Number of protein chains: 2
Amino acid sequence: MPTSRSYGDACGIGRALDVVGERWALLVVRELLLGPQRFSDLRGALPGASSNVVTDRLHELEGHGVIRRRKLVPPAGSWVYELTEWGREIEPALLALGGWGLRVGVPGPPTTLSGTSVLLFLRRCAQPDPSNAPSVFNLGLDDRMWTVRSADGRVTITIGECPHPHASLRTDPRTLNTLIGHPAELNAALSDGRALADGDVSALHRLLRDVVLPPLDGKG
Amino acid sequence: MPTSRSYGDACGIGRALDVVGERWALLVVRELLLGPQRFSDLRGALPGASSNVVTDRLHELEGHGVIRRRKLVPPAGSWVYELTEWGREIEPALLALGGWGLRVGVPGPPTTLSGTSVLLFLRRCAQPDPSNAPSVFNLGLDDRMWTVRSADGRVTITIGECPHPHASLRTDPRTLNTLIGHPAELNAALSDGRALADGDVSALHRLLRDVVLPPLDGKG
DNA sequence: CCGCATCCGTTTCGATACTG
DNA sequence: CAGTATCGAAACGGATGCGG
């Protein structure tokens with residue numbers, strides 16, 4: 001493990017950067033915000049990072065107590081990485097940074113967009129009417145299943161599928177990102193095969209319509 | 001200017017890191033949070049960064065619209081770097097990151113601690129009684145003067161000195177950091193020369209006592 | 001002195017190949 | 001699937017030089 005160099009700065013910001021300031025570290029943390037992930041999941045979500053860098057960051061983050069390596073119960077049996085309690089507490093800072101970064105131009109193609117990224121954005125911007133009846137969805141992205149719950153004026157997201165969803169949607173992160181804030185395109189996406197829906201499609205429409213995009217004024 | 005490599009990630013977090021994710025970039029931004037600084041001020045606050053790295057980060061941050069280079073009005077005539085409006089909006093994210101980082105162990109000596117770092121911490125943690133009468137202080141740190149105002153339940157900090165302060169204090173960032181939350185040590189610091197005070201010292205005591213240190217429980 | 005630019009040894013990153 | 005090994009390219013860190 002490449003003993004990460006320290007800034008030697010006693011300020012909290014410098015100390016935080018000693019832990020998550022190395023290249024790719026915060027993106028690894030981002031991928032774990034919605035739940036445990038396997039090594040290959042992380043690699044798939046961060047194709048720009050080579051495997052040894054991912055390995056280094058995971059070891060460093062584990063050594064600093066940000067993440068934990070855990071073996072799943074037998075039938076699965078594989079290893080996953082998950083945030084520790086302290087690791088999870090970085091979420092507000094990361095989301096604030098992400099909100100600030102929305103006003104940075106999207107880098108030239110090719111760009112990647114992980115399922116976790118889109119779902120974090122969906123959860124952050126969704127403002128369902130608190131008086132609405134709760135609704136549950138199964139969402140398939142990148143060969144991973146997610147459960148999206150809309151209730152009590154907010155959206156929560158968990159890994160895995162739930163038994164009796166109001167609707168199910170299978171698509172890719174980029175299409176979902178387009179649909180967020182442009183719910184009208186759902187029918188087109190369903191027609192041309194970019195998305196596949198099942199169950200109460202009008203509930204899906206409602207979910208997408210509840211997303212309020214941030215203003216994104218000029219950078220001043 | 002080393003055209004900073006992009007993560008190629010369309011997520012807001014990735015785009016933010018394309019701009020402020022390079023080494024030292026966020027610490028440069030931190031140093032500018034309380035006002036414009038000259039190149040040499042930044043070098044003094046970040047002694048671990050070599051001059052070419054500081055130059056690179058400044059150029060990159062300027063190119064991305066986070067900071068701006070400005071010439072002071074004559075007699076001063078020197079150049080300063082300051083945050084743009086957009087750059088200033090990263091402050092909440094940075095402070096959140098810094099709060100999270102307080103639970104990282106302080107790196108082994110030698111460590112640095114800039115005046116800006118301590119003042120950001122003071123401003124963040126100070127909780128003066130809103131019913132108290134406003135008070136103003138001149139604070140000398142690292143050969144720079146700051147004005148500290150306590151009013152309306154919060155502390156504000158500006159660069160430069162004000163004409164009629166209730167008290168003045170000259171010390172170094174590390175001593176001030178010690179005094180924060182340990183106001184009782186002020187008298188000792190004044191006796192042994194680590195600090196020099198003038199004016200209403202009891203008002204200084206009050207200012208220091210208004211700082212409420214965060215809990216800092218274990219990292220779990 | 002201030003604000004860099006240049007040079008150079010060291011470290012890290014990024015890409016690919018390879019192993020249990 | 002989950003990493004390790006290797007190696008060239010790039011970035012960093014420290015020192016020095018230099019024009020204004």
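Bear in mind the structure is a predicted one, so any value in this text is a computation, not a measurement. Worth knowing before you read on, the calculation uses all heavy atoms, side chains too, and leaves out hydrogens, waters and symmetry mates. So you know, we letter chains A, B, ... as the sequences are listed, proteins then strands, and number each from 1.
- The distance from the OG1 atom of A:T112 to the CG atom of A:L27 is 8.5 Å, given to the nearest 0.5 Å.
- Of the possible polar contacts, one joining the B:H64 side chain to the B:E60 backbone as a donor-acceptor pair under 3.5 Å is found.
- Considering only side-chain atoms of B:R5, the nucleotide from D:dC12, C:dC4, C:dC13 that sits closest is C:dC13.
- Judged by distance alone, with hydrogens and angles left aside, A:S51 brings no side-chain donor or acceptor close enough to the base of D:dA2 to form a pair under 3.5 Å.
- Rounded to an integer number of Å, the gap from CD of B:Q37 to P of C:dG3 is 11 Å.
- Listed nucleotides: D:dT4, D:dG14, D:dT16. Nearest to the side chain of B:S50: D:dG14.
- Regarding A:D18, its CG atom lies at a distance of 13 Å from the P atom of C:dT12, rounded to whole Å.
- Distances shown here put a side-chain N or O of A:W24 below 4.0 Å from the OP1 or OP2 atom of C:dG14.
- Residue A:W79 places none of its side-chain N or O atoms closer than 4.0 Å to OP1 or OP2 of D:dG3.
- Tested against B:L61 for a side chain to side chain contact (heavy atoms under 4.5 Å, CB included), the candidates B:L32, B:L83, B:V66, B:D56 yield a single pass: B:V66.
- Here the side chain of A:R57 is nearest to one of D:dA5, C:dG14, C:dC13, namely C:dC13.
- Look at CD on B:E60: it is 13 Å from C1' on D:dA10, rounded to the nearest Å.
- Summarising the geometry, the separation between CZ on B:R43 and P on D:dG13 is reported as 11 Å, rounded to the nearest angstrom.
- Annotation: of the two residues near DNA chain C, A:G48 and B:Y81, the 5′-most nearest-nucleotide partner is B:Y81.
- Here the nucleotide nearest the side chain of A:R38, chosen from D:dT4, D:dA2, D:dC12, is D:dA2.
- Nucleotides of DNA chain C nearest to B:L58 and A:E22 differ in position, and the one nearer the 5' end is that of B:L58.
- In this entry the distance linking CG of A:L27 with C1' of C:dG14 reads 15 Å, nearest Å.
- The side chain of A:N52 lies closest to D:dA5, out of D:dA5, D:dA2, D:dA15.
- A cation-pi arrangement is found for B:R23 relative to A:Y7, the charged atom lying closer than 6.0 Å to the ring centre and inside a 45° cone about the ring normal.
- One can place CG of B:D56 at 11 Å from P of C:dC4, the figure rounded to the nearest angstrom.
- Within 6.0 Å of the CG atom in A:D143, the count of heavy atoms belonging to other residues, nucleotides or ligands does not exceed 12.
- Within the cation-pi definition used here (under 6.0 Å to the ring centroid, within 45° of the axis), B:R69 qualifies as a partner of B:W79.
- Counting to the nearest Å, the P atom of D:dC1 and the NZ atom of A:K71 are 16 Å from each other.
- Residue contacts for B:S40: at a heavy-atom cut-off of 4.0 Å it reaches the sugar-phosphate backbone alone, with no base atom in range.
- Listed nucleotides C:dA5, C:dG14, D:dC12 differ in distance to B:H59; the shortest reach to its side chain belongs to C:dA5.
- Checking C:dC4, C:dT12, C:dG14 against every side-chain atom of A:R23, the shortest atom distance belongs to C:dG14.
- To the nearest angstrom, P of C:dC2 lies 15 Å from CZ of B:R69.
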